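Fair warning: this is a prediction, and the values are worked out from it, not measured in the lab. Reminder, nothing fancy here: chain letters follow the sequence lines and each chain counts from 1.
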Amino acid sequence: MTVVLNQSGAIQLIGACSVDDAEPLLQLLLANPIAPIDWRNCDTAHAAVIQVLLAAMRPLRGPPAGTLLKGLKGPAFGPFDRGNASPAAPKMQQPIGAFGSECRAVPEKACLTRS
Amino acid sequence: MNEFMEQFLLESRELVAQAIDDLLALGQNPADRDRLNGALRAFHTLKGGAGIVDFAAMARLLHAAEDVLAAGRSSEASIPPDVLDPCLACLDLTSRWLDAMQARGETPIGAELDANDMIARLHASRDDDEHAQASLPEAGDWLDRLDASALEAIGRPRTALRYVPDQDAFFQAHDPLAFVAALPNVISIDACLTGSAAALEIMNPFSCHLDLVVVMAASGEDVRAAAAGALGVTEIRELDPPGGVAVTTVLGEHSAAPAVEAIERSLMTTDPASVQADLPLPAHSPAALRVAMSRIDTLVKLTGELIVLKNALGHSARLSQNDTTSGALAASLRQQHAQFERLATELQTAVLRIRVLPLRSVFRRFPKLVKEISASVGKSVRLVSEGDDTEADAMIVEALFEPLLHILRNAIDHGIEDPHSREAAGKPAMGTVVLRARRDADSVVVDVRDDGGGVDVARVRAVAAERQIAGPGVLAAMADAEAANLIFLPGFSTASAITELSGRGVGMDTVKTNIERLGGRVVLETRDRVGTCISLVLPFSLMKTAIMTVEVAGQVCGLPLDTIVETTSVHRDRVIQIGSGHAVVLRNRTLPLIDLAHALGFRQERSASTEARIVVMSVETQMAGLEVDRLGERMDVMLTPMDGLLAGVRGIAGTSLLGDGRVLIVLNAEELLG
């Protein structure tokens, strides 16, 4: 399970969140209108998931584990609520080669078929 | 008005002028990417400035215009001409706003409504533009979303990409985020939702409404190649052209000071050629120096005093020369005076040149106006501008717009015939108006020449008789050239139909008055069925006047040198009495002879000298002789116009000081002979 509501009432994103996780995430957000989102253990996320996060505009507990996600900019993504022990996100000044390899795996896995 | 606002107005005017230049050049050559980029930079910087002075309507308008142009830049095709007109209209509106701000010191009332109308017009032009590619949704200037600090830290080349995927991109197994992450050398990704995204409660998570902005340390070409597989609309901007990024990055910080600095920086590097050493500098590189007019005026006054001092030195030299005991002193003084004269003249020329502007700043406004005017009267007219790099005093250049516009309107409305009449007369259906500027010694001449039907002199005579402007005898005696000049009389209008443009009968009179107020004159030359040329002859500088001194009744007077044809001396027997006046025959031409002493009210009896000294003067088509007691010398003076109660005195152009401290009255030839 990559999108869950944990015991402390936060919605957690874990591992690689595919396009199929967008709908459950949306439902959880609607069912828990004040629940924060914790994506510290999230490695990758499909654009559909990111889109739901953007629409939700909820506080994000981060930074996320994945380099690509850490580097995301925009009104919804920072500054992160870092909790207690999260290390600061590294400042992106050099091209990050890992971007490509990390993310190219996602689309194959996250192929959505028209129903 | 505070200093900040003044600076804004100054810079904005320059940017508006530059944007107009670029857009007009784009009209000539729609594929000129440099001009398009230049226009975009000018619009962008103008918008930034408007934001700084909290002029939201202007920022909104320029943003919309910038979007329209940017859409043109992102496509490979040339800019469609129907996009340029509304953009030029935007700049016109901006100019009017700037004028209003200059006058009132605050943002103009009603600007919001004007901006709404103009934005609607801009959008309409874009809707008309039938491009196969969908346009990008509006999202502010997306470059503003870039992270300034990240941009500073990366090397060049740098390119930004905006990617708005198709709404069904997810259904096509496309992950836009992964797609942009795989682009070359990605530095940052900024994600937000497009305006069409729904609220969380009703959103369809599988319909894509993302708007991504990616910065890469890669060239535009590499990015273009890599982004070829995008499923949606992309826009690529290279961040390295000078000016663009500096403003963009700093505006993102929402602080005025760095933005001002960035605007200044971008202004200094506005032209790409100015930072590329291997390219020749264009002849029309943007002004590098801005000096407050008041400071220049102080300098001009100072040099004026220096000239007075120079004249005083000359006077001393002459005095000492008459003193036979100190010949050596005289020689030295004369030598010093010669050197001083050279230096003072050079200084004066240099200072006067600071006030000088090319006529281009006025001329460039006309192509668009001529297009509009000719369209409104259903004629086809092309405007040819020549010599727009001719320079003149800034005040003259600025004051020329209205008179020239009126002359152009007249030329199009009354001069150029309708297409059918032209074809019937064997002329091309499209009329031509040539606007030409040239330097002629100490004058600047601006000709407006049309290839229309010429002034209908018979009709001018008829109207003059009808309105009792001149008696039938006088009219009959008038040469055609003189009769044509009647159109410059107040209230004269030959237009059989008063149109919206001209023909109110106030125009040509106002043109003449305005030009004469600037120390210039208007010359009309017309040929039936061939065309008309109206020339405005203006002084190069308002500050310096070349005169010749003459003496009457012990008083020294100055006569403007450009009105003097010759000086001569005739035997008094040759002066003929005609009624109460006098005349003299010179080279088989009878000239009225005016006794200057009498004309100026000095009741002096002529001495019994056998010779009459005469200055022959010419004003417009009229020539006359002025009898004087003594002819003096030629000199350049800084003319001080008459003010206060004396401002209305006829016959006097102004005053200056002579070397011995006496006041020199400079006469106005037009009023003396008129």
Donor-acceptor contact present, side-chain E23(A) to main-chain P205(B), <3.5 Å | no
Determine, step by step, whether L54(A) and L210(B) satisfy the side-chain contact (heavy atoms from CB on, under 4.5 Å) criterion, reporting the C-alpha distance in whole Å, the side-chain angles of both residues, the deciding distance to 0.1 Å, and the verdict.
-> CA-CA 9 Å; L54(A) 284 168; L210(B) 280 171; 3.5 Å; yes
Which is it for K73(A) and I189(B) under the side-chain contact (heavy atoms from CB on, under 4.5 Å) test, yes or no, and what are the steps along the way?
-> CA-CA 6 Å; K73(A) 303 195 185 303; I189(B) 301 172; over 6 Å; no
For D166(B), which residues count as a salt bridge (charged side-chain N to carboxylate O under 4.0 Å, His left out) partner, sequence neighbours excluded?
-> none
Would you give the length of the straight line joining atom CD of Q51(A) to atom CZ of F170(B), rounded to the nearest 0.5 angstrom?
-> 4.5 Å
Short question: side chain of D175(B), backbone of H46(A) - any donor-acceptor pair under 3.5 Å?
-> no
Verify side-chain contact (heavy atoms from CB on, under 4.5 Å) between L177(B) and V49(A), making sure each step is shown before the conclusion.
-> CA-CA 10 Å; L177(B) 197 58; V49(A) 174; over 6 Å; no
Residue set satisfying side chain to side chain donor-acceptor pair (under 3.5 Å) with E221(B), at least two apart, ordered chain then number -> none
